[in-house]
Amino acid sequence: MDEVSGSGIVRHEPRYDGFVAAAGQRQEVAEAIDRHVATHFGPVAFVLHEIASHLVGVHVYVVGPSAERPYQTLVTSGMSERPMTVPDGHGISPYAELMLCLPADWPLTQAALHDERTGWPVRVLKQVARLPHEYGTWIGEWHSVPNGDPALPYAPGAPFAGAVITPMLNVRPEARTIDVADGTRITLLALVPLHPAEVMLKVSQGTDALIAALDRGGVSELLDPTRPSLV
């Protein structure tokens, strides 16, 4: 995959030739994520588990709709199993997890997850969560990841062909960091799908231009599958 940072494209080569089994999460990290999700998003309805995982086991917690949050909230647990390769001087945690929100009626049955048209948001969450470990890089705020080169739609009928990593908007500030008992700090970031023209805006004009466009459209971590391109 290609990682877009600022304007222009930075390409990375995979670090591994084949499957590398995940070591598994430390118990205290898994428990910290459990508590954080329950505290800031609500009780977990179910978990989409991975059985055999490459590099890190990316499980996805699903929190059902509520009066306060009338949509489904999906949070990864496992991206932080390994530290990312963060360059010196950035001053951010090398540990991260991802989230996005789906409409209340978005199907998440096993059949729906195996259907490209409805399963792609979970697939993209897992792909991007594994990306920094596969390519020896890192994911932070306003990094974007196009779906190939050239960027192609995630699924038939889906208008999105990439994603940008953003701060969560529909939460209290304390929800953005997961604190583990041993002092580890995990940054919880939102994954926002992008139209092809929005991906190209980021590449050609940079982060500020994309932020301005998303702000104009009121885009947040809640996926609107029918939203038009803002470019």
Quick one: list whatever passes side chain to side chain donor-acceptor pair (under 3.5 Å) with Asp182, sequence neighbours left out.
Arg26, Thr184
If you measure from [atom1] on [X] to [atom2] on [Y], what distance do you get to the nearest 0.5 Å?
X	Y	atom1	atom2	result
Ser144	Lys202	OG	NZ	3.5 Å
Leu98	Gln127	CG	CD	12.0 Å
Met200	Leu210	CE	CG	12.5 Å
Ile178	Thr187	CD1	OG1	8.5 Å
Trp138	Ile92	CH2	CD1	4.0 Å
Glu198	Ser229	CD	OG	4.5 Å

Should we count NE2 of His90 as having more than 12 external heavy atoms under 6.0 Å?
yes
Over 12 non-hydrogen atoms of neighbours within 6.0 angstrom of CD in Glu174:
yes
Between the side chain of [X] and the main-chain N/O of [Y], is any donor-acceptor distance below 3.5 Å?
X	Y	result
Glu221	Leu100	no
Thr76	Met79	no
Arg130	His54	yes
His195	Arg227	yes
Glu81	Gly24	yes
His59	Val47	no
Ser80	Ile186	no
Gln72	Trp106	yes

Candidate pair Leu113 and Thr118, rule side-chain contact (heavy atoms from CB on, under 4.5 Å), full reasoning:
CA-CA 6 Å; Leu113 292 173; Thr118 48; over 6 Å; no
Under the salt bridge (Lys or Arg N to Asp or Glu O under 4.0 Å) test, which residues partner Asp208, sequence neighbours left out?
none
Across all chains, not counting sequence neighbours, the salt bridge (Lys or Arg N to Asp or Glu O under 4.0 Å) partners of Glu97 are none
Do [X] and [Y] make a side-chain contact, defined as non-hydrogen atoms from C-beta onward lying under 4.5 Å apart?
X	Y	answer
Leu74	Leu108	yes
Leu191	Met99	no
Pro193	Leu223	yes
Leu188	Arg176	no
Ile33	Tyr61	yes

[Y] reachable from [X] in the ILVMFWY side-chain graph, under 4.5 Å edges:
X	Y	value
Tyr154	Ile139	yes
Val44	Val29	yes
Val75	Trp120	no
Phe46	Leu125	yes
Leu194	Trp142	yes

For residues 159-168, tabulate all N or O donor-acceptor pairs below 3.5 Å that involve a side-chain atom, not counting sequence neighbours.
none

Looking only at non-hydrogen atoms, find the nearest pair between [X] and [Y] and report the distance.
X	Y	value
Ser77	Gln25	OG-NE2, 3.1 Å
Leu55	Arg82	O-NE, 3.1 Å
Arg216	Leu230	NH2-O, 3.6 Å
Arg185	Asp179	NE-OD1, 2.8 Å
Leu189	Ala96	CD1-CB, 4.4 Å
Ser220	Asn170	OG-ND2, 3.3 Å

Apart from Leu222 itself, what residues make up its hydrophobic cluster when side-chain heavy atoms of I, L, V, M, F, W and Y under 4.5 Å apart count as a link, directly or indirectly?
Tyr71
Would Thr73 and Leu102 count as a side-chain contact (heavy atoms from CB on, under 4.5 Å) here? Give the steps.
CA-CA 6 Å; Thr73 302; Leu102 295 175; over 6 Å; no
Checking side-chain hydrogen bond (donor to acceptor under 3.5 Å, both in side chains) for the pair Thr226/Asp224: CA distance, chi angles, key distance, verdict?
CA-CA 5 Å; Thr226 64; Asp224 176 358; 2.9 Å; yes
Candidate pair Arg69 and Val171, rule side-chain contact (heavy atoms from CB on, under 4.5 Å), full reasoning
CA-CA 10 Å; Arg69 297 175 59 84; Val171 297; 3.9 Å; yes
May I have the list of side-chain donor-acceptor pairs in residues 36-43 shorter than 3.5 Å, sequence neighbours left out?
residue: His36; atom: NE2; partner: Ala175; partner atom: O; Å: 2.7
residue: Thr39; atom: OG1; partner: Arg35; partner atom: O; Å: 2.8

